[in-house]
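Residue numbers begin at 1 in each chain, while the letters A, B, ... track the order of the sequences.
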Amino acid sequence: MSESLKPVTAIKAPVHLEFSYTAGRASTRFLRGMAQGKILGQRCPECGKVYVPPRGSCTICAVPTDVEVEVTGKGTVTTFCIVRIPSDSLSIDPPFTCAHILLDGADLPFFALIQECPFDEVRMGMRVEAVWVPKEELGPTFESIKYFRPIDEPDASFESYKEHL
Amino acid sequence: MRDVAIVSFAQAKNVRRELDANEVEMVMPVVSEAVEQSGIPRREIGFTCSGSCDYLAGQPFSFVSALDAVGAWPPISESHVEMDGAWALYEAWVKIQIGDIDSALIYAFGKASMGDLPDVLTLQLDPYYVAPLGPDSVSMAALQARAYLEATGRSERDLAAVAARSRKDAKTNPAAQVTGDFDPERLLGEPYLVSPLRKHDCPPISDGAAAIVLASGDLARKVCKRPAWIRGIDHRIEAHGLGNRDLAKSLSTAEAGRRAGLGTGAVDIAELHAPFTHQELILRDALGLGNEVRVNPSGGPLAGNPMMVAGLARFGEAARVLMDGQASRAVAHATSGPCLQQNMVAVLEGE
Ligand SMILES: [Zn+2]
């Protein structure tokens with residue numbers, strides 16, 4: 001096949017767009033709490049569920065969650081996995097442990113790293129606590145919490161978190 | 001065909017930049033208001049359909065997180081169109097026609113302020129021959145405006161008159177963003193933005209959200225004193241390539257209007273989704289609307305143009321006039337794509 005008959009298999013059309021996100025009222029309150037070393041959630045006025053981080057609404061009742069609730073950094077691992085796949089977008093080298101953590105008093109588990117714990121000791125029901133960055137490094141970001149680590153407490157019973165898996 | 005009516009409508013105030021609320025927080029009060037106004041308990045609404053665009057949000061599947069605003073758990077029957085909410089309304093209307101549901105919630109949201117809207121709109125163009133050249137939305141509208149003025153002998157003064165009337169009418173619309181009394185002659189003294197268009201010929205960039213509840217026959221009569229019945233609805237699409245169609249005319253609007261049954265009687269008002277002044281004139285021509293028809297009493301998109309919302313809002317504004325008893329027959333129109341590429345027309349009637 002001559003050069004001129006080779007198929008055109010691709011064109012280059014670079015696209016570049018920039019966006020400035022709006023955190024929103026609920027996330028703004030949560031992120032300001034992070035800057036003070038506090039974990040702020042919101043309670044649904046109808047069903048009473050506490051959302052941490054808050055999304056500003058109850059996904060079940062579709063009403064604004066305007067009651068602010070502070071919870072501590074203590075919680076329970078509801079499920080976990082050990083990541084062994086490297087990725088350019090990760091700030092941490094594999095392997096590492098990711099977990100869903102249900103903070104005491106909250107009704108929505110969230111995704112976080114577990115450290116200071118051997119992989120074969122991570123388990124569902126394990127009690128953990130937040131490890132914060134040093135006070136002078138606190139900021140309006142989820143990264144104010146570096147990771148969670150195990151604490152010396154008996155495991156939570158499966159019954160206590162089975163609704164939140 | 002089943003009788004289907006708009007029984008409620010709510011919309012957020014159109015603003016240039018909503019810095020406080022995110023999309024969920026923008027949508028939630030509007031959805032709550034429309035549902036409450038409809039008188040149909042939220043759990044009894046048979047179907048939910050939304051219109052929005054990931055390119056505006058800058059994130060994939062952004063409509064999924066917006067579901068936080070509607071109470072989607074336990075799971076609801078739900079769908080989404082990556083188009084103006086008017087097309088979500090169309091999907092809901094079809095679903096009600098099929099007969100397994102009697103009501104639907106439709107909502108739309110758009111927060112153009114998070115990105116650069118003209119650049120975002122460029123990405124809806126043909127990705128091989130047009131988008132890489134980077135034409136922006138205002139320049140494309142200007143190509144169309146020039147073609148229209150040359151083809152019809154209309155003047156830039158006619159365009160300024162559309163802008164002045166829209167902004168004046170918008171003074172009574174609490175959701176409008178650009179309102180006030182403007183002298184068309186003075187508007188013509190302003191510099192061109194992209195000739196032949198001046199700033200007043202273009203819509204504002206808006207953040208906004210809107211919601212509508214549809215109900216069929218007996219349910220609509222039960223919950224609403226004066227439902228706005230959708231007597232006919234149709235949408236048509238024209239070629240993607242701007243060079244493949246006559247920009248001075250809107251054949252798809254004319255055809256959609258004909259199939260929606262527009263020709264069977266006089267109309268009192270029309271809410272036209274014409275973001276640019278010349279597009280209102282093109283649409284009037286296509287739908288055969290005479291001077292006796294009041295166009296965009298809400299102020300229309302020239303007074304507030306949230307992307308993905310403004311078309312659905314035309315349906316809501318037209319329905320509101322009928323529900324209030326101020327008119328008995330109305331046209332609602334929505335558009336999508338560059339230079340009126342796709343057009344939806346509905347004929348609405350009060351009782
Ligand atoms: Zn709730």
A.B. asks: Would you indicate whether A:Glu70, at its atom CD, is surrounded by more than 12 heavy atoms from other residues, nucleotides or ligands within a distance under 6.0 Å?
C.D. replies: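 Check passes, neighbour count above 12.
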
A.B. asks: So which part of A:Ile60 gets closer than 4.5 Å to some heavy atom of chain B, the side chain, the backbone, both or neither?
C.D. replies: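 Contact with chain B is through both the backbone and side chain of A:Ile60.
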
A.B. asks: Would you mind telling me which of B:Ala57, B:Pro74, B:Ala131 has the largest number of heavy-atom pairs within less than 4.5 Å of chain A?
C.D. replies: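 Among the listed options, the one with the most contacts to chain A is B:Ala57.
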
A.B. asks: For A:Ala13, which atoms come within 4.5 Å of any heavy atom of chain B: side chain, backbone, both, or neither?
C.D. replies: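 Contact with chain B involves the side chain of A:Ala13 alone.
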
A.B. asks: Under 4.5 Å heavy-atom distance to chain A, tell me which part of B:Arg17 shows up: side chain, backbone, both or neither.
C.D. replies: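 Neither the backbone nor the side chain of B:Arg17 comes within 4.5 Å of chain A.
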
A.B. asks: If the test is side-chain contact (heavy atoms from CB on, under 4.5 Å), which one of B:Asn22, B:Val24, B:Asp68 qualifies with A:Arg55?
C.D. replies: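 That would be B:Asp68; it is the only one of B:Asn22, B:Val24, B:Asp68 passing the side-chain contact (heavy atoms from CB on, under 4.5 Å) with A:Arg55.
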
A.B. asks: Write down the atom of B:Glu25, the atom of A:Arg25, and the distance for their closest heavy-atom approach.
C.D. replies: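 Answer, listing the atom of B:Glu25 first, then A:Arg25: OE1-N, 2.7 Å.
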
A.B. asks: Less than 4.5 Å apart, side chain to side chain, heavy atoms only: is that true for B:Asp207 and A:Thr22?
C.D. replies: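 With C-beta onward as the side chain, the pair stays apart.
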
A.B. asks: Would you mind reporting whether B:Val120 and A:Leu17 have side-chain heavy atoms less than 4.5 Å apart?
C.D. replies: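 They are in side-chain contact.
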
A.B. asks: If you count every heavy atom of other residues, nucleotides or ligands that lies below 6.0 Å from A:Lys74 atom NZ, does the total exceed 12?
C.D. replies: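 It does not: A:Lys74 NZ has 12 such atoms or fewer within range.
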
A.B. asks: Side chain, backbone, both or neither: which part of A:Pro64 has an atom under 4.5 Å from a heavy atom of chain B?
C.D. replies: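 When you check distances to chain B, atoms from both the backbone and side chain of A:Pro64 fall under 4.5 Å.
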
A.B. asks: Looking only at non-hydrogen atoms, find the nearest pair between B:Met28 and A:Ser57 and report the distance.
C.D. replies: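 Here B:Met28 and A:Ser57 meet closest at SD-CB, 3.2 Å.
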
A.B. asks: Using a 4.5 Å cut-off on heavy atoms from C-beta on, say whether the side chain of A:Tyr21 contacts that of B:Gln59.
C.D. replies: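 Of all side-chain heavy-atom pairs linking A:Tyr21 with B:Gln59, at least one is under 4.5 Å.
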
A.B. asks: Are there over 12 heavy-atom neighbours, none belonging to A:Ile11, within less than 6.0 Å of that residue's CD1?
C.D. replies: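 Result for CD1/A:Ile11: enclosed.
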
A.B. asks: For B:Leu56, which atoms come within 4.5 Å of any heavy atom of chain A: side chain, backbone, both, or neither?
C.D. replies: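 Answer is backbone: N, CA, C or O of B:Leu56 sit under 4.5 Å from chain A.
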
A.B. asks: Is it true that atom CD of A:Glu137 has more than 12 heavy atoms of other residues, nucleotides or ligands lying nearer than 6.0 Å?
C.D. replies: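 Yes - once you tally the heavy atoms of other residues, nucleotides and ligands closer than 6.0 Å, there are more than 12.
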
A.B. asks: Please state whether the side chain, the backbone, both or neither of B:Ala69 comes within less than 4.5 Å of a heavy atom of chain A.
C.D. replies: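 The answer is the backbone of B:Ala69.
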
A.B. asks: Measure B:Pro29 against the heavy atoms of chain A and call it side chain, backbone, both or neither at under 4.5 Å.
C.D. replies: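 The answer is neither part of B:Pro29.
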
A.B. asks: Count the heavy atoms belonging to other residues, nucleotides or ligands that lie under 6.0 Å from CZ of B:Phe47, then report whether that count exceeds 12.
C.D. replies: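 More than 12 heavy atoms, drawn from other residues, nucleotides or ligands, come within 6.0 Å of this atom.
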
A.B. asks: May I ask you to check whether over 12 heavy atoms, not counting those of A:Glu143, lie within 6.0 Å of atom CD?
C.D. replies: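 Open.
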
A.B. asks: In this structure, are over 12 heavy atoms from other groups packed under 6.0 Å from A:Arg32 atom CZ?
C.D. replies: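 Atom CZ in A:Arg32 is not packed in, count stays at 12 or less.
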
A.B. asks: With a 6.0 Å cut-off (strictly less than), is the heavy-atom count around CD of A:Glu116, excluding the residue itself, greater than 12?
C.D. replies: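 Yes, the 6.0 Å shell around CD holds more than 12 heavy atoms from other groups.
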
